[in-house]
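This report refers to the structure that appears directly beneath it.
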Amino acid sequence: MLEEEVVKALKQADVEAFVSELEAPAEAKYGDVAYPCFKLARQTGKSPNELAKEITEKIRIPEKSSLASAEVVGGYVNFFFDWEKLAGKVLQDALEKHYGRAEKIKKEKIMVEFSQPNPVHPMHVGHARTTFLGESLSNILELQGHKVFRTNYMNDVGLQVAKLVTAYNLWGKGKEPKGKPDFWLWQYYVKFHEESKSNPELEQQAHENLKKFELEKDKAISKIWKQITKWCIQGFEETYKKVGIKFDEYFFESEFRDDGKKLVDKLLKNNFAHKTDDGAIVADLEKFGIPSTVILRSDGTGLYITSDLGLTAHKFSKYKLNKSIWVVSSQQNLNFKQLFKLLELLGYSWYKNCFHVSFEHVVLPEGKMSSREGRAVMLDEVIEALTKSALKEVKKRDKKLSEEKAKEIAEKIAIGALKYSVVRIEPNDQIVFDWNQMLSFTGNTGPYLQYAHTRCAGILERSGNFLQEFSVDKISSEEKNLLKQIMMFPNVISQSAKEMKPHIVCNYLYELATIFNNFYESVPVLKSEGSMKNFRLTLVQATKNVLRIGLNLIGVEAPDKM
RNA sequence: GCCCGCGUAGCUCAGUUUGGAUAGAGCAGCUCCCUUCUAAGGAGAAGGUCGAGGGUUCAAAUCCCUCCGUGGGCACCA
């Protein structure tokens, strides 16, 4: 909106400019919006600086405009906003409960599938990435005004479950989990891989069990199978509860395999796939520039992609989705390409509304994690260490706090630190898990943002009731910087939603917190007086609201005290 | 071999889609600031051949080409 005013002002100075050509100046002192004259200089043969001067001289800022002035620096025409005039509108907006909601977009039904832990071992820090990224993306889309379905998908029929079932039958039959069930079952999973090194028959047994379960629908195997996955999911739910994550729906692969097989048949009938000599069915994708892939095993059992065909069709028909998003690691980039191509070949027009949000792995300093070899840092373990460490810090700061209250705050800090540390990284970057960094509560961390929020809360608590004030005669640079950052929030949200990259919100919030801390250090609020005081209090309120909304977007709670 | 991601300060990362002003943070180390709205904070100094080499451009971390390093994928794992 302000950019449009700049474009208008330029037009009156005989310059045809577009909003997209405008830039944010490198430093605040240069102004609020810049128009670089280099391109035009080239066209007209003038020097950029000369041209910038000419343009600036011609510019007449209208009386009621939100622009204050224009200045020349080098080859730039720098515009300054009239912040005294703008402040009111910015503050009004920022105090809204759902500040950041997109106004002019089509509201869609969007399904976000994320987390998808294998029900054979506990979630490790690698799962944290899909889980927190998915949650955050969901929150962002929801804030924008979309209807979001958060779903989790359990691969409860794969070979890996067959392996666990085989192991349980051999070494744990009849036993019930002791402690957290996903951890308890993990031992059997690890043992299976250990033993199968010297005993290749185990692999065969697992395949046999898979056939019994999937094709023969063997009752005895099914019972154990279901029990085991149920136990594992119970373990997951405990973890989800700790990190405050809820799903609208769980999908189970076992329920979509048969649907998928029907679609495999259809692909075969329509000559998009062929049967090999040994009976496997292969989708022919080479002519589309994609490697071909097996979509049904020669023994008749399905694969991951088989079920996903069925499930995706189900998603779109049952929920009438406009979009379906999968938050899954980059390891499966090719598989999603293949899946989406197959859906296209099946004639589903919605195939173009399928999006794979890919991210790189979390690795340990010593290399890749391996759950089957028992070498992984588990999510519960990290949460526990963080909570313990946070509790120590909380108690150090406020010795009068009750144990219960201290624990409550420590948990918020721990989860905040965890989620922020994961979500803030650009998804295409690999994350190297580092305990020291994970346990840090200073600098660019979740607690830093939470702390800025508590500072706001502290001021407002001490101030008591006050009259909101939206205008002020003279604004300081610290106040201006804050307003400017607050004003950008909706743009940041829509960019983050458009690119499906929650880390953009993290970066924004870190900047907001830094700018606020700056304001906090140099602008007295409670010690100021009259309307100035009320204006600053209103500004603090607005900042607090944006921090709260933003933190919640990444699944982090904003405490008033810490 | 082919396809995809990544390579920016000692370490961990923003910035690259849409080329612009002296390349930004945090951590670690150094110097300061708590009788002041909570120091989980702030100020300052130091730290960079933006993997390498070419090219395009008035202007390249950003675009193009080649190469190197690294992680992942490439038919019955998921």
Side-chain angles (χ1 to χ4, degrees), chain A residues 20-21 23 25-27 30 34 36 38-39 41-42 47-48 73-76 78 116 118 155 158-160 163 253 276 278-283 285 289-299 301-306 308 328-335 337-338 358-361 363 367-368 390 393-394 396-398 413 417 421 424-432 434 436-437 440-452 454-463 499 503-504 506-507 510-511 513-514 517-518 520-528 536-537 540 561-562:
Chain A
S20 59
E21 289 176 284
E23 290 175 14
E27 283 181 56
Y30 290 143
F38 304 96
K39 251 178 218 156
R42 202 177 160 203
S47 89
V73 180
Y76 292 89
N78 292 328
Q116 310 112 325
N118 255 322
N155 302 125
L159 197 55
Q160 77 285 2
K163 288 174 181 176
E253 185 176 4
T276 62
D278 49 14
I281 295 177
V282 174
L285 297 172
I290 302 171
S292 293
T293 188
V294 171
I295 51 180
L296 197 72
R297 286 197 187 94
S298 46
D299 68 2
T301 59
L303 294 117
Y304 183 88
I305 196 167
T306 319
D308 232 0
V328 180
S329 103
S330 66
Q331 220 167 45
Q332 285 170 59
N333 283 355
L334 175 57
N335 308 279
K337 238 188 204 171
Q338 291 166 330
S358 168
F359 59 89
E360 290 293 321
H361 274 143
V363 299
K368 221 177 145 183
E393 293 290 322
V394 172
K396 201 166 80 189
R397 276 156 239 267
D398 188 347
I413 293 169
S421 74
R424 67 172 262 258
I425 308 295
E426 216 282 338
N428 288 326
D429 277 352
Q430 193 172 273
I431 295 181
V432 179
D434 181 284
N436 284 333
Q437 229 176 294
S440 162
F441 297 145
T442 60
N444 191 355
T445 63
Y448 176 88
L449 306 185
Q450 290 173 315
Y451 186 65
T454 64
R455 279 183 150 181
C456 294
I459 292 174
L460 294 168
E461 199 201 326
R462 279 173 176 255
S463 82
E499 296 183 25
H503 81 282
I504 294 171
C506 294
N507 289 336
Y510 178 64
E511 270 169 38
T514 303
N517 279 332
N518 226 289
Y520 183 91
E521 294 289 334
S522 51
V523 180
V525 177
L526 295 175
K527 283 190 178 156
S528 58
R536 287 178 180 168
L537 282 167
V540 170
K561 223 180 150 69
M562 64 187 264

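Heavy-atom basis, side chains included; hydrogens, waters and symmetry copies ignored. Within every chain, numbering begins at 1; the chains are lettered A, B, ... in the order of the sequence lines, protein sequences first and strands thereafter.
- The phosphate of G42(B) has OP1 or OP2 within less than 4.0 Å of a side-chain N or O from Y448(A).
- Under the Watson-Crick or G-U wobble criterion, with both distances below 3.5 Å, C2(B) is paired with G73(B).
- More than 12 heavy atoms of other residues, nucleotides or ligands sit less than 6.0 Å from atom CD of E23(A).
- For the pair D278(A) and S298(A), the tightest heavy-atom approach, listed with the atom from each and the gap, is O-CB, 3.1 Å.
- For Q332(A), there are no side-chain hydrogen bond (donor to acceptor under 3.5 Å, both in side chains) partners, not counting sequence neighbours.
- Nearest to the side chain of V394(A), among G15(B), A40(B), U17(B), sits A40(B).
- Note on T442(A): a side-chain N or O is less than 4.0 Å away from OP1 or OP2 of C27(B).
- Not one N or O on the side chain of S440(A) forms a donor-acceptor pair closer than 3.5 Å with the backbone of N436(A).
- OP1 and OP2 of A78(B) both lie 4.0 Å or more from every side-chain N or O belonging to H361(A).
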Every protein N/O lying under 3.5 Å from an N/O of nucleotides 34-38 of chain B:
unit_1	atom_1	unit_2	atom_2	d
C37(B)	O3'	R462(A)	NE	3.3
C37(B)	O2'	Y520(A)	OH	3.4
C37(B)	O2	L526(A)	N	3.3
C37(B)	N3	V525(A)	N	3.2
C37(B)	N4	Y520(A)	O	2.3
C37(B)	N4	V523(A)	O	2.6
U38(B)	OP2	R462(A)	NH2	3.4
U38(B)	O5'	Y520(A)	OH	3.4
U38(B)	O2'	Y451(A)	OH	2.8
U38(B)	N3	M562(A)	O	3.3
U38(B)	O4	M562(A)	N	3.2

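- In this structure N155(A) satisfies the side-chain hydrogen bond (donor to acceptor under 3.5 Å, both in side chains) test together with E253(A), sequence neighbours excluded.
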Write out a two-atom table: protein N or O, nucleotide N or O from nucleotides 68-70 of chain B, distance below 3.5 Å.
none

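- Here the nucleotide nearest the side chain of S298(A), chosen from C76(B), A78(B), G15(B), is C76(B).
- Counting atom types as modelled, N335(A) pairs a side-chain N or O with a base atom of A78(B) as donor and acceptor under 3.5 Å.
- U16(B) and G54(B) have their P atoms separated by 26 Å, given to the nearest Å.
- Of the candidates A14(B), A43(B), C76(B), the closest approach to any side-chain atom of N507(A) belongs to A14(B).
- The same atom, C1', is picked in A40(B) and in A61(B); the two are 33 Å apart, to the nearest Å.
- Across all strands shown, G7(B) forms a Watson-Crick or G-U wobble pair, both distances under 3.5 Å, with C68(B).
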Between the protein and nucleotides 55-63 of chain B, are there any N/O to N/O pairs under 3.5 Å, and if so, what are the atom names and distances?
none

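- Considering only the side chain of E360(A), G5(B) comes nearest among G5(B), C27(B), G26(B).
- Contacts of I413(A) with the nucleic acid, taken as non-hydrogen atoms under 4.0 Å apart, include base atoms.
- Backbone-only engagement by G158(A) is indicated by non-hydrogen atom pairs under 4.0 Å involving sugar-phosphate atoms exclusively.
- Between Q331(A) and G73(B) there is a side-chain polar atom (N or O) within less than 4.0 angstrom of OP1 or OP2.
- Once rounded to the nearest 0.5 Å, the distance linking NZ of K561(A) with CG of D398(A) reads 5.5 Å.
- Summarising the geometry, atom CD1 belonging to I281(A) is positioned 8.5 Å from atom OG1 belonging to T276(A); distances are rounded to the nearest 0.5 Å.
- Taking the P atom of each, U17(B) and C11(B) are spaced 26 Å apart, rounded to whole Å.
- Contact annotation: R297(A) reaches the phosphate of C77(B) (side-chain N/O to OP1 or OP2, under 4.0 Å).
- Regarding contacts with the backbone of U16(B), every side-chain N or O of N428(A) stays at 4.0 angstrom or more from both OP1 and OP2.
- No engagement by E461(A) is indicated, since no non-hydrogen atom pair under 4.0 Å with the nucleic acid exists.
- R397(A) contributes a side-chain N or O that, together with a main-chain N or O of E393(A), makes up a donor-acceptor pair within less than 3.5 Å.
- Base pairing of A28(B) is not made with any nucleotide, judged by Watson-Crick or G-U wobble geometry with both donor-acceptor distances under 3.5 Å.
- Among the atoms of the strands shown, none is found under 4.0 Å from any heavy atom of V363(A).
- Base pairing of C34(B): no nucleotide in any strand meets the Watson-Crick or G-U wobble criterion (both distances under 3.5 Å).
- Residue-to-nucleotide proximity on RNA chain B shows that, of P36(A) and P291(A), the 5′-proximal contact is made by P36(A).
- A donor-acceptor contact under 3.5 Å is formed by the side chain of N78(A) with the base of A21(B).
- Out of A40(B), G15(B), A78(B), the shortest distance to the side chain of H503(A) is found at G15(B).
- The base of C3(B) is not paired with the side chain of N333(A) by any donor and acceptor separated by under 3.5 Å.
- Contact annotation: N517(A) reaches the phosphate of G42(B) (side-chain N/O to OP1 or OP2, under 4.0 Å).
- Contact between P36(A) and E21(A) at its shortest, heavy atoms only, is CD-O, 3.5 Å.
- The side chain of Q160(A) approaches A78(B) more closely than any other nucleotide in the set A78(B), G73(B), C76(B).
- Q332(A) comes within 4.0 angstrom of a base, heavy atoms only.
- Comparing the C1' positions of A45(B) and A28(B) gives a spacing of 16 Å, expressed to the nearest Å.
- The CD-P distance, from E499(A) to A14(B), rounds to 13 Å in whole Å.
- Two residues are said to be in side-chain contact when any heavy atoms from C-beta on lie closer than 4.5 Å; N335(A) and I305(A) fail this criterion.
- In summary, the side chains of N517(A) and Y448(A) do present a donor paired with an acceptor at a separation below 3.5 Å, with no hydrogens or angles considered.
- Here the separation of G24(B) from C50(B), taken at their C1' atoms, is 12 Å to the nearest Å.
- Looking at R297(A), its side chain never comes within 3.5 Å of a backbone N or O of L303(A) through a donor-acceptor pair.
- Comparing the P positions of C76(B) and C68(B) gives an interatomic distance of 30 Å, to the nearest angstrom.
- C13(B) and C6(B) have their C1' atoms separated by 13 Å, with the value rounded to a whole Å.
- With sequence neighbours left out, the side-chain hydrogen bond (donor to acceptor under 3.5 Å, both in side chains) criterion links S329(A) to H361(A).
- For I425(A), whose side chain is taken as the heavy atoms from C-beta onward, the closest listed nucleotide among C77(B), G42(B), C13(B) is C13(B).
- C64(B) and G73(B) have their C1' atoms separated by 26 Å, given to the nearest Å.
- Here the closest heavy-atom approach between residue V394(A) and residue I413(A) is recorded as CG2-CD1, 3.8 Å.
- With its glycosidic angle more than 90° from 0, C58(B) is assigned anti.
- Among the heavy atoms of the strands lying under 4.0 Å from A34(A) is at least one base atom, whether or not backbone atoms are also near.
- Across all strands shown, A14(B) remains unpaired; no Watson-Crick or G-U wobble contact has both distances below 3.5 Å.
- At a threshold of 4.0 angstrom between heavy atoms, the contacts of Y30(A) include nucleobase atoms, whether or not backbone atoms are also involved.
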